[in-house]
A.B. asks: 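This is the structure, below, for whatever I ask next.
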Amino acid sequence: MKFEFKHFSELTADELYDLLQLRSEVFVVEQNCVYNDLDSHDKEAIHQFLRKDGVMVACSRLLKPGSRFNDCSIGRVVVKESERGTGLGIQMMEEAKAYILKEWKADKIKISAQKYLQKFYEDLGFVVITEEYLEDGIPHFGMILEYKK
């Protein structure tokens, strides 16, 4: 299984609907968090997603420097509950990192990571760079991955 990467303008209506539905399913319903998922960054993002048997099972969005942070970033990282524990999240993040390195020649990737996923991101090479903070009522850390040149 290989992830697709598309700019917002390249997404079909079905792809956009399905990725927004998955994000809502996890961030709003599962995590019981009322927040504005449609924050205008989607229009400038590269959307990474994977379908399995026609169902959207994972997605994230990649942002260029200056969009959300000064560095490139990966956010809205979601794996459908039924697919968790399969390594799909690791595969998605590795492919996202590779895309950013190849396409944008980035030397850093910054994320805002939910606290309970700190070890997941540390295992991918990210390090905590901020104190814990609340984002949409959920504890987060700022984390960064730096590539040596």
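These numbers come from a predicted model, not from an experiment. Quick note: numbers below take in every heavy atom, side chains included, and nothing from hydrogens, waters or symmetry partners.
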A.B. asks: Cluster question for you: counting only ILVMFWY and a side-chain heavy-atom cut-off of under 4.5 Å, with indirect links fine, are Ile74 and Leu63 together?
C.D. replies: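 No.
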A.B. asks: Nearest 0.5 Å please: distance from the CG atom of Leu145 over to the NZ atom of Lys110.
C.D. replies: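 Separation between the atoms: 13.5 Å.
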A.B. asks: Mind checking the NZ-CD1 spacing from Lys108 to Ile129? Nearest 0.5 Å is all I need.
C.D. replies: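 Going from NZ on Lys108 over to CD1 on Ile129, the span is 8.5 Å.
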A.B. asks: If you measure from CZ on Phe141 to CD on Gln114, what distance do you get to the nearest 0.5 Å?
C.D. replies: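 Answer rounded to 0.5 Å: 12.0 Å.
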A.B. asks: Is there a continuous path of hydrophobic side-chain contacts, each under 4.5 Å between heavy atoms, that joins Val128 to Leu134?
C.D. replies: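 Val128 and Leu134: separate clusters.
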A.B. asks: Pair Glu44, Phe8 - check side chain to side chain contact (heavy atoms under 4.5 Å, CB included), show working.
C.D. replies: CA-CA 7 Å; Glu44 59 191 304; Phe8 179 84; over 6 Å; no
A.B. asks: Between Val77 and Leu117, is the side chain to side chain contact (heavy atoms under 4.5 Å, CB included) condition met? List the steps.
C.D. replies: CA-CA 11 Å; Val77 177; Leu117 290 169; over 6 Å; no
A.B. asks: Does any pair with a residue in residues 7-16 pass salt bridge (charged side-chain N to carboxylate O under 4.0 Å, His left out), and if so which ones, sequence neighbours excluded?
C.D. replies: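 For residues 7-16, and leaving out neighbouring residues, the salt bridge (charged side-chain N to carboxylate O under 4.0 Å, His left out) pairs sorted by first residue read Lys6-Glu15.
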A.B. asks: What distance separates Phe69 CZ from Ile111 CD1, expressed to the nearest 0.5 Å?
C.D. replies: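 Interatomic distance, Phe69 CZ to Ile111 CD1, rounded to 0.5 Å: 9.0 Å.
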A.B. asks: Any chain of hydrophobic side-chain contacts (each under 4.5 Å) joining Val29 to Phe27?
C.D. replies: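 They do not share one cluster, since no chain of ILVMFWY contacts under 4.5 Å joins Val29 to Phe27.
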A.B. asks: State the CD1-SG distance between Ile144 and Cys72, to the nearest 0.5 angstrom.
C.D. replies: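 Between Ile144 CD1 and Cys72 SG, I get 10.0 Å after rounding to 0.5 Å.
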A.B. asks: Between Lys97 and Leu124 (side chain of the first, backbone of the second, donor and acceptor by atom type, cut-off under 3.5 Å), is there such a pair?
C.D. replies: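 It does hold such a pair.
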A.B. asks: I'd like to check the side-chain contact (heavy atoms from CB on, under 4.5 Å) partners of Phe5; sequence neighbours left out, ordered by chain and number.
C.D. replies: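 Scan of Phe5 (side-chain contact (heavy atoms from CB on, under 4.5 Å), adjacent residues dropped) gives Phe3, Ile46, Gln48, Leu62, Glu95, Tyr99.
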A.B. asks: With clusters defined by side-chain heavy atoms of hydrophobic residues (ILVMFWY) lying less than 4.5 Å apart, directly or transitively, does Val78 cluster with Ile138?
C.D. replies: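 No, because Ile138 and Val78 fall into different hydrophobic clusters, even though each may have its own neighbours under 4.5 Å.
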A.B. asks: Specify the closest pair of heavy atoms between Ala106 and Leu101, including all atoms of both residues, with the distance to one decimal.
C.D. replies: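 That closest heavy-atom pairing would be O-CD2, 3.2 Å.
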A.B. asks: Examine distances only and state if a side-chain atom of Arg84 and a backbone atom of Val79 form a donor-acceptor pair shorter than 3.5 Å.
C.D. replies: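 Side chain of Arg84 to backbone of Val79: a pair is present.
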A.B. asks: For residues Leu11 and Phe49, determine if any side-chain heavy atom of one lies less than 4.5 Å from a side-chain heavy atom of the other.
C.D. replies: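 Heavy-atom side-chain distance check passes, below 4.5 Å.
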A.B. asks: Quick one: closest heavy-atom pair of Met93 and Phe126, and the distance?
C.D. replies: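 The pair with the smallest heavy-atom distance is CE-CE1, 3.9 Å.
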A.B. asks: Taking atom CG as the centre, does Asp123 end up with more than 12 heavy-atom neighbours from other residues, nucleotides or ligands that are less than 6.0 angstrom away?
C.D. replies: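 Atom CG in Asp123 is packed in, count exceeds 12.
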A.B. asks: For residues 63-75, which residue pairs qualify under salt bridge (charged side-chain N to carboxylate O under 4.0 Å, His left out), counting only residues two or more places apart or in two chains?
C.D. replies: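 Listed by first then second residue: Arg68-Glu135.
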A.B. asks: Around atom OH of Tyr17, are there more than 12 heavy atoms of other residues, nucleotides or ligands at under 6.0 Å?
C.D. replies: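 No, not enclosed.
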A.B. asks: Do Met56 and Gln21 have side chains that approach each other closer than 4.5 Å (heavy atoms only, starting at C-beta)?
C.D. replies: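 No. Closest side-chain heavy atoms not under 4.5 Å.
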A.B. asks: Taking all non-hydrogen atoms of both residues into account, name the closest pair between Pro139 and Glu132 and its distance.
C.D. replies: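 It is CB-OE2, 3.5 Å.
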A.B. asks: For Met143 versus Tyr121, what's the shortest heavy-atom pair and its separation?
C.D. replies: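 Closest approach of Met143 to Tyr121, heavy atoms only: SD-CB, 3.8 Å.
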A.B. asks: Can Lys80 and Glu25 be counted as an ion pair, charged N to O under 4.0 angstrom?
C.D. replies: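 Salt bridge present between Lys80 and Glu25.
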A.B. asks: Give the minimum heavy-atom separation between Ser73 and Ile109, together with the two atoms involved.
C.D. replies: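 Closest pair (atom of Ser73, atom of Ile109, distance): CA-CG2, 4.2 Å.
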A.B. asks: Output yes when a side-chain donor or acceptor of Asp39 lies under 3.5 Å from a complementary backbone atom of His41, and no otherwise.
C.D. replies: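 Confirmed, Asp39 side chain pairs with His41 backbone.
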A.B. asks: Working to the nearest 0.5 Å, report the span between CD of Glu122 and NZ of Lys119.
C.D. replies: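 Here the rounded value is 7.5 Å.
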A.B. asks: Which pair of heavy atoms, one from Gly142 and one from Thr130, lies closest together, and at what distance?
C.D. replies: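 Shortest heavy-atom contact: N-OG1, 2.7 Å.
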A.B. asks: Spell out, yes or no, whether Ile90 and Leu88 are grouped together once hydrophobic residues are joined by side-chain heavy atoms under 4.5 Å, including indirect joins.
C.D. replies: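 Shared cluster, yes.
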A.B. asks: Is the backbone N or O of Asp42 less than 3.5 Å from a side-chain atom of His47, with the two atoms forming a donor-acceptor pair by type?
C.D. replies: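 Between the backbone of Asp42 and the side chain of His47 there is a qualifying donor-acceptor contact (under 3.5 Å).
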